[in-house]
Amino acid sequence: AQSVTQLGSHVSVSEGALVLLRCNYSSSVPPYLFWYVQYPNQGLQLLLKYTSAATLVKGINGFEAEFKKSETSFHLTKPSAHMSDAAEYFCAASSGNNDMRFGAGTRLTVKP
Amino acid sequence: DTGVSQDPRHKITKRGQNVTFRCDPISEHNRLYWYRQTLGQGPEFLTYFQNEAQLEKSRLLSDRFSAERPKGSFSTLEIQRTEQGDSAMYLCASGRSSYEQYFGPGTRLTVT
């Protein structure tokens, strides 16, 4: 079964600064990996997903993530934070058998 | 494509009452999932349908919970004899494959 750990429940950056949200997974086989964003009182929106193709995955809103098997990591980055990026971000992993498991989430705050 | 919709968006009920939530998936999606999300946590898997068949249920889905998808389109999640611990956001997602899930806005349940 997959398990997902997100390091840092809160991350605060200044507008224009690099965003780095960390995610590590635990799996005996390379999983499918996802990043979702959730704005207050809304559902989850898919930012990007890794499905065993290119290890560097580009998503919406300028976000990207890199799958590193040796580090069992799938960290989310964005070169320059925007105020509208302030939200909760969830990393998730699945073996492809309808067993998607989510991390506890990281709340991103963007300071002006 | 109007996205996944859920109704109601908010529900306040007294302990011991029954509640029912509805999810309408994206029309061509044969897979439908229910999740529960409590404050400060990521979504937790409850159950999964492929067409009208309920193929997987989490241990979180106690006897008081029941889900249906009678015609393979919309789904309902019923909670009987609600308890305060049932207060959470209930999320529905749909997809065409096991690594594709599009989420609805959720139903926030408050049990008083």
Side-chain angles (χ1 to χ4, degrees), chain A residues 1-10 21-27 29-53 57 59-60 67 74 76 87-108, chain B residues 1-11 21 23-26 29-51 53-60 88-110:
Chain A
Q2 313 293 326
S3 69
V4 177
T5 302
Q6 291 184 240
L7 299 175
S9 58
H10 292 89
L21 304 182
R22 300 177 187 273
C23 173
N24 288 87
Y25 66 91
S26 172
S27 172
V29 296
Y32 299 116
L33 295 163
F34 309 81
W35 276 100
Y36 285 87
V37 61
Q38 186 177 35
Y39 297 97
N41 296 314
Q42 294 188 26
L44 279 69
Q45 180 183 8
L46 180 66
L47 281 176
L48 49 81
K49 63 183 177 185
Y50 167 76
T51 56
S52 71
V57 182
I60 61 172
F67 172 69
F74 190 59
L76 182 71
E88 188 91 16
Y89 291 81
F90 293 94
C91 181
S94 169
S95 66
N97 292 323
N98 304 301
D99 60 349
M100 188 175 287
R101 297 293 181 264
F102 288 82
T106 297
R107 180 168 299 279
L108 176 66
Chain B
D1 179 359
T2 58
V4 179
S5 62
Q6 293 187 244
D7 183 70
R9 293 291 308 276
H10 303 274
K11 178 71 177 179
F21 310 139
C23 170
D24 286 89
I26 295 170
H29 289 180
N30 61 346
R31 297 168 186 247
L32 188 146
Y33 306 81
W34 284 99
Y35 291 85
R36 182 176 70 184
Q37 184 181 22
T38 53
L39 206 59
Q41 297 297 317
E44 297 172 291
F45 170 79
L46 290 178
T47 190
Y48 155 66
F49 290 86
Q50 185 159 338
N51 299 311
Q54 187 174 19
L55 298 184
E56 197 169 336
K57 292 168 59 173
S58 162
R59 288 172 299 174
L60 293 174
M89 175 81 89
Y90 290 84
L91 294 165
C92 176
S94 71
R96 288 169 293 195
S97 66
S98 57
Y99 50 83
E100 174 191 74
Q101 295 190 26
Y102 296 89
F103 283 80
T107 294
R108 181 167 295 283
L109 173 66
T110 302

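Just so it is clear, the values below take in all heavy atoms, side chains as well, and ignore hydrogens, waters and symmetry mates.
Sorted by first and then second residue, the salt bridge (Lys or Arg N to Asp or Glu O under 4.0 Å) pairs with a member in residues 30-40 of chain B form an empty list; sequence neighbours excluded.
With a 4.5 Å cut-off on non-hydrogen atoms, B:Gln37 touches chain A through its side chain but not through its backbone. Looking at B:Gln41, the atoms closer than 4.5 Å to chain A (heavy atoms on both sides) sit in the backbone and in the side chain alike. For A:Gln38, the part sitting under 4.5 Å from any heavy atom of chain B is the side chain, from C-beta outward, and nothing else.
Listed for the B:Thr47 side chain is a donor-acceptor partner under 3.5 Å among the backbone atoms of B:Glu56.
With rounding to the nearest 0.5 Å, the separation of OH in A:Tyr89 from OH in A:Tyr36 is 15.0 Å.
For A:Arg107, the salt bridge (charged side-chain N to carboxylate O under 4.0 Å, His left out) partners are A:Glu88, not counting sequence neighbours.
Annotation: maximal heavy-atom pairing with chain A below 4.5 Å, among B:Ser58, B:Gly42, B:Gly104, occurs at B:Gly42.
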